[in-house]
There are 2 protein chains.
Amino acid sequence: MRIPLDRQSSTPLYQQLVAFLQAQIEAGAIPPDTRLPASRELAGSLGISRLTVTNAYAELEALGLVVSRAGSGTYVAYPLVPPPDTNGQMEGHWPLWQEDLRYRMYPPTQNDFRQRRQENQNPTLISFRDGLGSVNLFALDEFRKTMQMVLRRDGAAALGYGDYTSGGYPGLREVIAHILSNQGIPTHADHVLITSGSQQAISLVARLLLQRGDTVLVESPTYGAGLDLFRSLGARVVGVPMDEEGMLMDKLETALRTTHPRLIYTIPTFQNPTGRCMCTPRRREMIALANHYNVPILEDDFVGDLRYEGRAQPALKALDGNGTVIYVNTFSKVLVPGLRIGYLVADGPVYDQLLIHKWLNDQSTSELLQRALEAYITVGRYQAHLRRVCQVYRARRDGMLAALQRYMPEGTTWSRPQGGLFIWLQLPQQMAAADLLPLAQAQGVTFAPGAFYFPDEDGFDYIRLNFTTQTPERIETGIKRLAKAIREQMTRIGN
Amino acid sequence: MRIPLDRQSSTPLYQQLVAFLQAQIEAGAIPPDTRLPASRELAGSLGISRLTVTNAYAELEALGLVVSRAGSGTYVAYPLVPPPDTNGQMEGHWPLWQEDLRYRMYPPTQNDFRQRRQENQNPTLISFRDGLGSVNLFALDEFRKTMQMVLRRDGAAALGYGDYTSGGYPGLREVIAHILSNQGIPTHADHVLITSGSQQAISLVARLLLQRGDTVLVESPTYGAGLDLFRSLGARVVGVPMDEEGMLMDKLETALRTTHPRLIYTIPTFQNPTGRCMCTPRRREMIALANHYNVPILEDDFVGDLRYEGRAQPALKALDGNGTVIYVNTFSKVLVPGLRIGYLVADGPVYDQLLIHKWLNDQSTSELLQRALEAYITVGRYQAHLRRVCQVYRARRDGMLAALQRYMPEGTTWSRPQGGLFIWLQLPQQMAAADLLPLAQAQGVTFAPGAFYFPDEDGFDYIRLNFTTQTPERIETGIKRLAKAIREQMTRIGN
């Protein structure tokens, strides 16, 4: 694609790119459903930075002129003529404001929802797709008894709003502060805010700190629901490349200098989806950079204590001297997802603002569940449960690694994570995960396509495998099926 | 205040007002903490509409130049020098981005939090402040047994995320659709979305439909946490005046025509805080106007079925032919607050968008609580509970009305609501509720000051009294104390 760019102009290059493409698309010169060149390719051919291209594409997407499809690329959108009604509700005409909503796209979430709905039809499927740990390790009987005890002990007090002018049920905040301090993150119950899972914690921080048009820096790849959350606020998401030791600090500094972000979102430990850990020197450097550029860090530590081997790195929050880091964690991964209890830790004026945003968002997290969780974990159960979970997950990880070794065709590569939930796998022969998925489903196995996790159109040949939710036997069977599907697709590509 | 306005100019009057005041404030000509004239007063003296003035003040507030203090007025803000650290956390310096956060003000919430924290110190206080019903009417033992049953019956399934690609636990959505259809709001489980209380439902809708700078129309007065929620999104809140039959339709039409709002937020039945019901012809007219101006209606029906006398009006949603109305309700007011389960009903493309926003906001509402609630309310308990609650609340309302009649000094007036939770009371002699509050607290009673509920600086002499949370004996005692405090303040004013 030949695009005239004026490097002397005061108009930034990415805006020139936007203006050119917008004119072409609106004139119909580039018809709907045309795939735009990959950003890497276009950047190369124009001799500009790839960031310039991804920024331009993001802007075009915000204008509704293009649509990025996970794992596939960026396509020219259809003009604003309503597509046929597909949600199976009322026939007929919706108000115009409703018709406009059809064009708000959240590709990771929409694709994930569509694929899950399809997979829900097939109960024999072995799923490596989920983002959570195993529900079956939870001491259900103990929890049931605890719930009884709390309802008997606290009566109506367990069924009110609680004191929402503080950050949640005081007893639970104290236990959390205690657990964190044990793990080298010294804090106090007054700095802990209980949330409805860590997603809400991330959402509160994003909503407080980001406005439409603001930039947020993330690892590339990163948590897909984070990407869509930031996009839903109208933020521009800029991915910073990683290596095995986490985000690259020189790239981070460049991005800080050139994009003036309002937030850095990072998962330093057993990152989602790669499973990587940021090394300690980079952790210190990230905080120094954030301080220098006056940018807050949102540290998502969702599986930070699920370590099966190797030496622990300090949380960013533990290295934070002045309130730069907002720390987010959850009980959904280690204990039980269905309670939907997470929390954040913040120091300084931001804490009071988050408290108000929590109230405005959903008033308070269920007082009953907070009290039940407090009663359950106080009695030393958290550490014991964590030990047991780590033991089981380590075995499952080893089982999946062994199965991969045994069954995967040559050219497939994968990570060997020291903790967390995920193995990150690159398919052979630049095979698209989107093409593999239906074959895998037909074999009776499924996974999360890697493109969900990239802020741009990268990662089409990666997949994420959760090794914690299936038994070792089902892991072996599932990987065998997956390998079969990959070989099948290799044959297809070969032809 | 003499302000030069050019009625021939193409610059709107409110912008001229903003420009003038901004220049004066920035030059120091109007020093910090100066109270600006009340909007009514300024509008009168300049011969312009009051809406023009409130719009200008809202804009100045968005610019950080003025601060509106509930019940007191609009004041010139202090320039951006950090106030001393008051949150009792770390000593020392916060990052600049944190210092900036100190200036984000949410007066209803901040004042409510401050007053509640103070009142929490005094356990003998009789509180008429709350926004919820009585927790003590809930059949706690039955619920405990239900919870046991669900944990035994469903095991790990009750502790997962559930299927978040649909709108919540299917059984619960079916019960809700059934209850609503019984109440004349025919709907289907597929159009029901479970949320963490109705606040989250309102928050999801607001977040989807409002962007910074957009206008939302509300009844004046209205729900305070709604006001702050809209403000937290950068929206401009415009109040539409009401009479005893709800929002005035001619004022609504003017506001629709002149402010181009993106949303109408209304509580048509037993409105918060006034307890008023919109009459049926206005309900129909509101829908017609919303359709004509292509604006969605968010109907908050939080106590719609708590009727103690009189004839029921149809919900707006029941009159909605084409997806204009998004309906929000909760189990927090009738059943039990601490579960934090509410829901919305929406038709058309907006439903799928809300589903995604729910996921991005907090993934899902606790599967355990959804299943427990479903098991609890299916067995015909909801209607029985509702009858019992209505009986108790009717008696408490009558008790409060009788006590007001008996004790209140002349000049005090109050509403006689046919349902809901609140009596809306106007103090005598233009007494400021903010001045009365400390005297009332000293007498051992408290209430919600009316200014919390006004989008502008109105309502300083109103208070909201919740008649459902105290026993009849405590209601009598509390009103007696309140009357004593009012007489005390009358004497002070008299001097």
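All values reported here derive from a predicted model rather than from experimental measurement. Sequence lines set the chain letters: A, B, ... in the order given, protein chains first and strands last, and positions in each chain run from 1. For the numbers below, each heavy atom of this structure counts, side chains included, while hydrogens, waters and symmetry mates do not.
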Sole candidate of B:D352, B:V350, B:L354 that passes side-chain contact (heavy atoms from CB on, under 4.5 Å) when paired with A:L101: B:V350
Could you tell me which portion of [X] (side chain, backbone, both or neither) has an atom closer than 4.5 angstrom to a non-hydrogen atom of chain A?
| X | value |
| --- | --- |
| B:V150 | neither |
| B:F113 | both |
| B:I326 | side chain |
| B:L96 | both |
| B:D163 | side chain |
| B:L233 | side chain |
| B:S364 | both |
| B:Y223 | side chain |
| B:R152 | both |

Tell me, for [X] versus chain B, whether the close heavy atoms (under 4.5 Å) come from the side chain, the backbone, both or neither.
| X | answer |
| --- | --- |
| A:S134 | neither |
| A:L369 | side chain |
| A:L140 | side chain |
| A:N120 | side chain |
| A:Q370 | neither |

Do A:W359 and B:T109 have side-chain heavy atoms sitting under 4.5 Å apart? yes
Validation row: A:Y164, B:R116 side chains within 4.5 angstrom (heavy atoms): yes
Using atom types as modelled and distance alone, determine if a side-chain donor or acceptor of B:Q98 lies under 3.5 Å from a backbone N or O of A:G323. yes
Could you pull out all residues at least two apart from B:S232 that satisfy side chain to side chain contact (heavy atoms under 4.5 Å, CB included)? A:R207, A:H357, A:L360, B:Y106, B:L229
Tell me yes or no: between the side chains of A:Q353 and B:R104, is some donor less than 3.5 Å from an acceptor? no
